[in-house]
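Notes for the one structure printed next.
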There are 2 protein chains.
Amino acid sequence: MRKPTLEEVAIEAGVSKMTASRALRGSADVSKETRERVIEAATRMSYVGNRLALSLSSQRTNLVAVVVPSMSNIVFPEVLAGISAGLDGSGMQAVFGISDYDVAKERDIIRDMLSWQPCAIIVTGLDQPEETVKLLQHANIPVIQLMDLDGTPIDLNVGLSHGGAGEDMARALVGAGRRRFGYVGSALEKDLRAGKRKAGFERVLHSYGLHFVNQSVDDAFSSIALGKRLTLAMLAAVPDLDCIYYSNDDMASGGLFACMELGVAVPEKILIAGFNGLDLVNSLPAPIATSRSPRRAMGEVAAQLVRQAVAGAQDARQKTVVFKPVITGIDGYDDAPDEPETARLRP
Amino acid sequence: MRKPTLEEVAIEAGVSKMTASRALRGSADVSKETRERVIEAATRMSYVGNRLALSLSSQRTNLVAVVVPSMSNIVFPEVLAGISAGLDGSGMQAVFGISDYDVAKERDIIRDMLSWQPCAIIVTGLDQPEETVKLLQHANIPVIQLMDLDGTPIDLNVGLSHGGAGEDMARALVGAGRRRFGYVGSALEKDLRAGKRKAGFERVLHSYGLHFVNQSVDDAFSSIALGKRLTLAMLAAVPDLDCIYYSNDDMASGGLFACMELGVAVPEKILIAGFNGLDLVNSLPAPIATSRSPRRAMGEVAAQLVRQAVAGAQDARQKTVVFKPVITGIDGYDDAPDEPETARLRP
DNA sequence: TTGAAAGCGCTAACAG
DNA sequence: CTGTTAGCGCTTTCAA
C-alpha cells in the first residue's frame, strides 16, 4: 500500500495532474467546483504531497539549515526557538544540526545540510576553518553567522561582541571597587566565545594594572556542579578574592552555591559575575552580575534576515546586526536605564 | 553561476553520469583510475550532491522527523541531543520541529515533515488527537511516541509512566512522614504529562486519606521565577504545610529559593519535591526530592529503535520500552541502590 | 567496468 | 479554466 501520488488523486477526481496540483495549492484559476472535488479526493485518500518532487521540480525549497554546537546548554535551544518562531508563517522550516563543538563534525553536517538545497543557512560563530567557509560560499545562498561579531563575516552577521562583553564587565566590576579577581571557566578551547570574553576581561584588567589572581579552567563543559566544585577549590587556595568572573551563568551559579556553602557573603565579600542573563539568575538567593545576551532575539532577527534575503531584497546581504548585552546585578551600576536590546545595523 | 550537477562533473571527468555517480558513492565496480578522475573533478568543482534528486530517485531518505513541544525547557533539547547522538554514524539525520504545546500546530508540523518523506518520525507523548494519529498511521513509516507511556501507542513507544512517577513520589513522601501537602504547577492544560503526575500523586494521597491542602496552578510556562512567586504566595496563605509537590524541578527550585527567602528550613520544615532530576538539583544549597527522568537515554533508545526499524527488522515494530525514574533527595529513601535506568521491553 | 534508457512525483511554461 | 509537454538531478535497470 504505497502512498497516493498527485496523479492518483487527479484520476480519482477526474481531472489532470496539473489541475489537481493547482487546486491543492490554491491557485486562483480553478473552478470552485473542480477545486472542491480535488480537495475532497485528496482528503479522502490522506494525500500528502511529496516535497522532494516539489522542490526538485520548482528549484526552490523552504528549508533553512541551522547548525549549533550543543543542545546541553539552554542558550542554543533558546536561539533555535527564536529562529523557529521568526520563521513562522513564512512557509519556511528550520532544520537543526548539532556539531558538538567539533569543527570536523560541523563541516560534515554543513555539507550534508547543503545537499538538501536549503534556501539559507545559519551557523554559530565566525570561527569556521577555511574549508567550511568555502563550502558555505559555494552554496550560493544567504549565510548567517550567529551569536558572535568578533571576526570576519562571510555574508550576514548577527550577534554581539564577546570580547567587548568581557571588557564591559571588567570595567563595571573595577568601577564597583573590586580589585582581587579570580577566573573560573571550562572548555575554553571549544567554547571560543567564552575565551573571547575572558580575553576582553583581561585586556581591561591589565589597563588598570590588575590581573587574575587565580584561574581555574576545566576541560569539561560548563555546568552548575562544575562551577561549584572549581569555586570551592579556588576559595580554599585563595580565600581573599573579592570577585570571580565565570565563563557563563551556569558556572557562576555554581560559584554562588559554593560561597553559600562556605558562608562567604555574596556580593559583600565576593562578587560573582557570569554571562548570559539566564532566567535562573533572577531567582537566585543572592545577586550575581551578568551580561544579558538576547538569545531569542538574535534567533528572531536571523530569521527576519533570512526572510528578507530569500525574498530577494538585494540590500539584505552583507549586513551586520549588532546586539549590545546589558549588564545587571552590580549595585549602583544597573541603575542605568535598562535600554531594550536594540539591533543596530552596520552596512 | 549555478551549482554543478552530477552530469557536469561527469563531462569534466570524461565519463557518463552513471559512472560518475558510482565513483562518488564508492561503488566497487569502477576502475581505480576512473574513480580518482571523477573525485578529482568533483572536488575541484566543489560538487555537492542534490539529495532531493537522490531521494526522489531512490525512493528513500535519511531523514528522521522529530517533533517536540518546546525548546525553552532544557529537557527537550536533551532528548534531541540523545536522538542526534544515537543516529550518529547511521547516515540518518534528525529534523526537529517545535509545536509550542499546540495540537493544531503539531498537526501542521507533522504534515509538513511527512511531506519530506522521512524514513521515521518521533513525536512527543501519546495524546495526539485522532486526526494527527491518522496522519501518522497513513505515513506508513515507523512512528515513535516518546517520553510518556500512559496511553495507547500507535506503533513504537519509549518513555516512562508519568502517572506512575506521581504515585511513586507520593508514596515516598508519605513514607517519609509528610502529611500536609501543597501543589504548585503551571500550564497543566498544555503540559499533559505534568497533569498525569499530579493525578497519580493525588490517587495515592487519597488512598491514604490525604489530599492537597492547597493548590496553585498558573497558566504561564514553568520557570524558576514562577515557582518562587507561587510558593511565596502559598506559604503566606498556608504556612503549616510540610511538603510541596511541584510540576517539575524548575518550579521546585524556585520553591526552594522562596523558602530560603522566608527562612523556612528545607527539608526539615518543608520538603520540596519536583520532577526531572535536572543537573541544577544536585548543586542546590538544600536537598530537594525529584524523580530522575532519563531524557538523553530515551532519545538514544528512540534512535536505536529507528535504526532497527528502518533496517527492516520485523520485530522492531509495535514495541514499548519502559523507563523507570529513580527518586532521589528523600532522606532514608534514596539509600536504595541507585539502579541504572534500565530499559525493559514489553512486547 | 561502463553506458543508455526510463522514471521517481512534481511544477513551469505554454497551449488550448 | 484546463490540459500537454518537458524537464528538475539523480538512481535503477538493463544491456553492452
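Here is how names work: the chains are called A, B, and so on, in the same order as the sequence lines, proteins then strands, and each is numbered from 1.
- Expressed to the nearest 0.5 Å, how far CD1 of I98(B) lies from CG of L80(B) amounts to 8.5 Å.
- A donor-acceptor pair shorter than 3.5 Å can be found between the side chains of Q128(A) and Q145(A).
- Nearest heavy-atom pair across A42(B) and L24(B) is CB-CD1, 4.0 Å.
- At a threshold of 4.5 Å between non-hydrogen side-chain atoms, the residues I121(B) and I110(B) count as touching.
- Using a 4.0 Å heavy-atom criterion, one finds that T34(B) contacts the sugar-phosphate atoms exclusively.
- Nucleotide dA15(C) holds its C1' atom 14 Å from the CG atom of D29(A), rounded to whole Å.
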Tell me, for nucleotides 7-16 of chain D in 5' to 3' order, what letter each nucleotide earns: B for a base near a protein heavy atom under 4.0 Å, S for only sugar-phosphate near one, - for neither? BBBBBB----
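- Between T19(A) and dG3(D), a side-chain N or O to OP1/OP2 separation shorter than 4.0 Å is present.
- How far CE of M298(B) is from CG of L160(B): 5.0 Å, rounded to the nearest 0.5 Å.
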